[in-house]
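Take a look at the structure below.
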There are 2 protein chains.
Amino acid sequence: MRLSTRGYYGLKAMFDLAQNYGSHPITLKSVAERQRISESYLEQLMAMLRKTGLVKSFRGAQGGYILAREPARITAGDVVRALEGPIAPVYCVNEEEPRECDEVDYCITRTVWLRVRDGITGILDSINLADLCLEAEKVRQTGRGEHIKLNKY
Amino acid sequence: MRLSTRGYYGLKAMFDLAQNYGSHPITLKSVAERQRISESYLEQLMAMLRKTGLVKSFRGAQGGYILAREPARITAGDVVRALEGPIAPVYCVNEEEPRECDEVDYCITRTVWLRVRDGITGILDSINLADLCLEAEKVRQTGRGEHIKLNKY
DNA sequence: TTTTATCTTGAGTAAAATACTCGGTTTTAA
DNA sequence: TTAAAACCGAGTATTTTACTCAAGATAAAA
């Protein structure tokens with residue numbers, strides 16, 4: 001039950017762009033450094049994000065990437081779907097093309113995966129990049145203590 | 001963001017055993033047939049379920065498997081964890097051994113995965129095999145129609 | 001006691017996915 | 001014109017997945 005590093009790195013990168021939203025384009029290199037992602041690997045991820053319309057790129061000197069729309073209008077779900085495809089804990093409850101099995105109509109265990117999927121999408125779709133920036137702001141102000149208390153690890 | 005077929009098949013198999021709870025041991029072969037799982041593959045899964053104490057086995061003729069405790073006391077989470085290990089959408093929020101990164105204290109994207117993880121575990125841990133049997137009973141009585149209406153696919 | 005049904009174990013494997021790397025090309029601001 | 005960037009395609013080592021198979025151990029039934 002794991003995400004690949006694509007979604008993991010991808011969200012970090014998008015969060016990085018969100019924190020720089022409104023200024024000049026941000027170079028891939030600087031994102032890679034700040035977020036500790038391999039530069040060449042990040043290239044691939046950015047290509048995917050660009051193709052799905054989540055970021056815009058500017059080539060040439062002084063070029064780089066910016067978010068294609070306001071941080072508040074990009075959700076974690078958008079990012080994960082762009083990089084990992086439709087969310088589906090198992091094939092038969094794929095968001096886009098649920099792979100049919102013969103028993104779809106009455107398969108009981110399927111309802112479990114359906115609930116899991118809806119749980120995941122509900123959470124991912126409810127978090128946008130602006131939220132994350134706000135949270136980051138809060139952490140910066142109050143120090144790290146509170147944040148640690150909130151989350152077990 | 002996908003489960004492997006282990007969790008998928010495994011829950012089917014456990015549900016099958018739950019529906020036969022209280023009677024004689026159920027052979028792996030019959031479970032495999034009903035649930036359309038490869039017999040030799042299911043062998044492996046049952047071995048894992050046995051080692052984690054979710055099923056008991058009886059060897060020899062008339063042997064087979066039974067649930068190690070009442071269906072109501074086995075959750076979908078138990079099954080998934082037995083077959084796929086601790087639930088962790090990304091390593092840094094692994095249920096058991098969160099793999100540390102240098103930024104644990106203040107990493108913001110991490111809070112996303114934490115929420116996703118807790119969403120998943122919350123759902124999986126809230127569903128037990130007795131629930132599923134009840135639901136199956138309901139479907140058998142009312143026919144399939146209602147069930148289809150409830151779930152989009 | 002022999003047969004047969006069943007679980008048990010360990011090894012092997014083909015295919016896919018993952019997580020990258022690398023070298024070269026194109027574009028554009030300075 | 002030059003240097004800084006994005007862009008592109010190919011390649012690859014490693015890991016995971018989803019199995020298969022064969023031989024052994026055990027116990028009930030004949």
Side-chain angles (χ1 to χ4, degrees), chain A residues 1-13 17 20 23-33 35-52 54-68 80 83-86 88-91 99 101, chain B residues 1-13 17 20 24-33 35-68 80 83-86 88-91 99 101:
Chain A
M1 187 58 116
R2 249 190 43 239
L3 211 69
S4 74
T5 55
R6 287 194 297 279
Y8 176 72
Y9 290 158
L11 189 63
K12 280 187 176 226
L17 293 184
N20 290 288
S23 66
H24 55 88
I26 311 298
T27 64
L28 188 146
K29 193 179 174 187
S30 72
V31 174
E33 270 168 16
Q35 305 299 329
R36 312 198 187 185
I37 306 171
S38 140
E39 218 179 305
S40 6
Y41 192 35
L42 186 56
E43 262 178 25
Q44 290 189 1
L45 307 185
M46 291 310 273
M48 299 176 88
L49 293 167
R50 182 171 48 79
K51 279 168 194 160
T52 49
L54 292 180
V55 302
K56 278 181 192 158
S57 64
F58 298 90
R59 303 177 71 159
Q62 309 302 108
Y65 295 90
I66 60 168
L67 295 185
V80 171
L83 296 167
E84 315 232 348
V90 301
Y91 289 120
R99 187 176 298 176
C101 69
Chain B
M1 186 61 116
R2 249 188 42 239
L3 212 70
S4 73
T5 55
R6 288 194 297 279
Y8 175 72
Y9 290 158
L11 189 62
K12 282 190 174 221
L17 292 185
N20 290 288
H24 55 90
I26 311 298
T27 65
L28 188 147
K29 193 179 177 187
S30 72
V31 173
E33 271 168 14
Q35 305 298 331
R36 311 199 187 186
I37 307 171
S38 138
E39 218 178 305
S40 3
Y41 193 34
L42 187 56
E43 265 175 22
Q44 291 190 359
L45 307 185
M46 292 309 274
M48 297 175 88
L49 293 167
R50 182 170 48 79
K51 278 168 195 161
T52 50
L54 292 180
V55 302
K56 278 182 193 159
S57 64
F58 298 90
R59 304 175 73 158
Q62 311 300 105
Y65 295 90
I66 60 169
L67 296 184
V80 171
L83 296 167
E84 315 231 346
V90 302
Y91 289 121
R99 188 177 298 177
C101 70

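These numbers come from the heavy atoms of this one structure, side chains and all, not from hydrogens, waters or symmetry mates. Throughout, a chain's letter reflects where its sequence line sits, starting with A, and its residues are numbered from 1. Just so we're clear, the structure is a prediction, and the values are computed from it rather than from any experiment.
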| request: Test A/Glu43 against A/Glu39 for side-chain contact (heavy atoms from CB on, under 4.5 Å), laying out the working first. | output: CA-CA 6 Å; A/Glu43 262 178 25; A/Glu39 218 179 305; 5.7 Å; no
| message | The test is side-chain contact (heavy atoms from CB on, under 4.5 Å); show your working for B/Ile66 and B/Phe58 and say whether it passes. | response | CA-CA 8 Å; B/Ile66 60 169; B/Phe58 298 90; 3.7 Å; yes
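Donor-acceptor pairing under 3.5 Å, judged by distance alone, is present between the side chain of A/Arg59 and the base of C/dT26. A/Glu43 contributes a side-chain N or O that forms a donor-acceptor pair with the base of D/dC8 under 3.5 Å.
In this entry the distance linking CD of A/Glu39 with P of D/dC7 reads 13 Å, nearest Å. What separates OH of A/Tyr41 from P of D/dA13 is a distance of 17 Å, to the nearest Å. Rounding to whole angstrom units, CG of residue A/Leu83 and P of C/dT18 are separated by 12 Å. The distance from atom CE of B/Met46 to atom P of D/dA18 is 18 Å, rounded to the nearest whole Å. For the pair B/Met48 CE and C/dT9 C1', the interatomic distance rounds to 14 Å; values are reported in whole Å. Between the P atom of C/dT21 and the CD1 atom of A/Ile37 lies a distance of 12 Å, rounded to the nearest Å. If you take CZ of A/Arg36 and C1' of C/dC20, they are 19 Å apart, rounded to a whole angstrom. The distance from atom CZ of B/Arg6 to atom C1' of D/dT16 is 8 Å, rounded to the nearest whole Å.
Taking only side-chain atoms of A/Gln62, from C-beta outward, the nucleotide of C/dT4, C/dA29, C/dT18 with the closest atom is C/dA29. Set against C/dC7, D/dA5, D/dC19, the side chain of A/Thr27 has D/dA5 as its closest nucleotide. Of the candidates D/dT17, D/dA6, C/dT8, the closest approach to any side-chain atom of B/Tyr65 belongs to C/dT8. Considering only side-chain atoms of B/Gln44, the nucleotide from C/dT9, C/dC20, C/dA11 that sits closest is C/dA11. Side-chain proximity of B/Arg2 to the nucleotides D/dA18, D/dA3, C/dT18 is greatest for D/dA18.
Using a 4.0 Å heavy-atom criterion, one finds that A/Ser40 contacts the bases of the nucleic acid, with or without backbone contacts as well.
Between A/Ser38 and C/dA19 there is no side-chain polar atom (N or O) within less than 4.0 angstrom of OP1 or OP2. Within the structure, a side-chain polar atom (N or O) of B/Ser57 is placed less than 4.0 Å from OP1 or OP2 of C/dT8. Side-chain N/O atoms of B/Arg50 include none lying less than 4.0 angstrom from OP1 or OP2 on C/dC7.
Contact of the A/Tyr9 side chain with the A/Leu45 side chain is registered, since non-hydrogen atoms from C-beta on lie closer than 4.5 Å. Between B/Leu11 and B/Val80 the shortest side-chain heavy-atom distance does not fall below 4.5 Å.
A donor-acceptor contact shorter than 3.5 Å links the side chain of B/Glu84 to the backbone of B/Ser4.
If you find the closest nucleotide of DNA chain C to B/Gly64 and to A/Tyr9, the one lying nearer the 5' end belongs to B/Gly64.
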